[in-house]
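Note sheet for the following structure.
Numbers for residues simply follow the sequence, beginning at 1. Atoms considered below: every heavy atom in the structure, side chains included; atoms not considered: hydrogens, waters and symmetry mates.
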Amino acid sequence: MRYKLAVFDMDGTILNTLEDLADSTNYALKANGLPERTIDEVRRFVGNGIRLLIERAVPADSEPELVDEVFETFKKYYKTHCAVKTRPYDGIKEVLVSLRKSGCLTAVVSNKADFAVQDLCKDYFDGLFDFAVGEREGIKKKPAPDSVYEVLTKLKTKKEDAVYIGDSDVDFATSVNAGMDVIMVGWGFRDEEFLREKGAKRIIKQPSEILDIILGED
């Protein structure tokens, strides 16, 4: 194998979570008397954690107290509605099963709230990840490499033996900051042109290519 550990982003990489994020955002906005957002707007807002998602979704002149209220409404609603329309991307589960059969360790590092990361991993990928971490208080979010380093330490793997897999500019920057090789995917929340503008050199088009790279067949 070319790598001993595959570290995956969640939203836009292994799970299509966009509709549930958009629905929960709009629920929180409407509940607080604010205009709703389109799904394409929410697509542009995600990637840096749910707090920034809400800060971007509310009107620009919103008072901090209102932003806090929208954020709390979102968290409560999303906690029980994070898996209504969410689904794994086609072929991802098969890739994870094959990686584990080959002896490759697997992990998730996400800017999604940790409670949602744990729930979604259990709901959709039970037993397919060795470790998963989401956004928590006191831990710097991606693109800071802190959570990636936590995974490396937990799974006793050198960064030279690991690869980071993601779909956004935040993920690409995370790999750079962590000093790790990266596989960028083209089926997520950012398009290929945008990723190349941010510096991505290799962008795969289907999950099976992850196996080819990690198992040293490409």
Hey, could you give me the CH2/CG distance between W187 and N16, rounded to the nearest 0.5 Å?
12.0 Å

Would D40 and R43 pass as an ion pair if we require N to O under 4.0 Å?
yes

Are any side-chain N or O atoms of N32 and backbone N or O atoms of L29, one a donor and one an acceptor, separated by less than 3.5 Å?
no

Pairs in or reaching into residues 49-60: which pass salt bridge (Lys or Arg N to Asp or Glu O under 4.0 Å), with residues at least two apart or in two chains?
R51-E55, R51-D68

Any donor-acceptor pair under 3.5 Å linking the side chain of S62 with the backbone of V58?
no

Side chain D171, main chain G166, donor-acceptor under 3.5 Å
no

Ignoring hydrogens and geometry beyond distance, is a side-chain donor-acceptor pair present between R100 and T106 at under 3.5 Å?
yes

Using every non-hydrogen atom in the two residues, find where I213 and I204 come nearest and quote the distance to one decimal.
CD1-CG2, 4.0 Å

Distance-minimising heavy-atom pair for V170 and T174:
O-OG1, 2.7 Å

Which of D169, D167, D11, D9 passes salt bridge (charged side-chain N to carboxylate O under 4.0 Å, His left out) with R190? It is D169

Using modelled atom types and a 3.5 Å cut-off, is there a donor and acceptor pairing between side-chain atoms of Y124 and backbone atoms of T86?
yes

Side-chain donor or acceptor of E41 paired with backbone N/O of T38 under 3.5 Å
yes

Determine which pairs satisfy side-chain hydrogen bond (donor to acceptor under 3.5 Å, both in side chains) with at least one residue from residues 150-160, sequence neighbours left out, and list them in order.
R136-E150

Over all atoms of both residues, closest heavy-atom pair of L96 and F8:
CD2-CE1, 3.7 Å

Which heavy-atom pair separates C121 from V108 by the least distance, and what is that distance?
SG-CG2, 4.1 Å

What pair of heavy atoms forms the shortest contact from L211 to V95, and how long is it?
CD2-O, 3.8 Å

For V42, does its backbone N or O pair with a side-chain atom of R37 as donor and acceptor, under 3.5 Å?
no

Run the salt bridge (Lys or Arg N to Asp or Glu O under 4.0 Å) test against D61 and tell me which residues pass, sequence neighbours left out.
none

Which ILVMFWY residues are connected to Y77, directly or by a chain of links, through side-chain heavy atoms under 4.5 Å apart?
Y27

Using a 4.5 Å cut-off between side-chain heavy atoms of Ile, Leu, Val, Met, Phe, Trp and Tyr, which other residues end up in the same hydrophobic cluster as L5?
V7, L105, V109, F131, V133, V148, Y149, V151, L152, L155, Y164, F172, V176, M180, V182, M184, F194, L195, I203

Report yes or no: does R196 contribute a side-chain atom to a donor-acceptor pair with the main-chain N or O of K201 at less than 3.5 Å?
yes

For the side chain to side chain contact (heavy atoms under 4.5 Å, CB included) test, which of D161, L99, L215 pairs with M1?
L215

salt_bridge(E72, K75) N-O dist < 4.0 Å
yes

Can you pull the salt bridge (Lys or Arg N to Asp or Glu O under 4.0 Å) pairs that have at least one residue in residues 81-98, sequence neighbours excluded?
D23-K85

dist E69:CD -> L66:CG (nearest 0.5 Å) comes out at 8.0 Å

Looking at K142, is its backbone amide N or carbonyl O close enough to the side chain of N111 to form a donor-acceptor pair, meaning the two atoms are under 3.5 Å apart?
yes

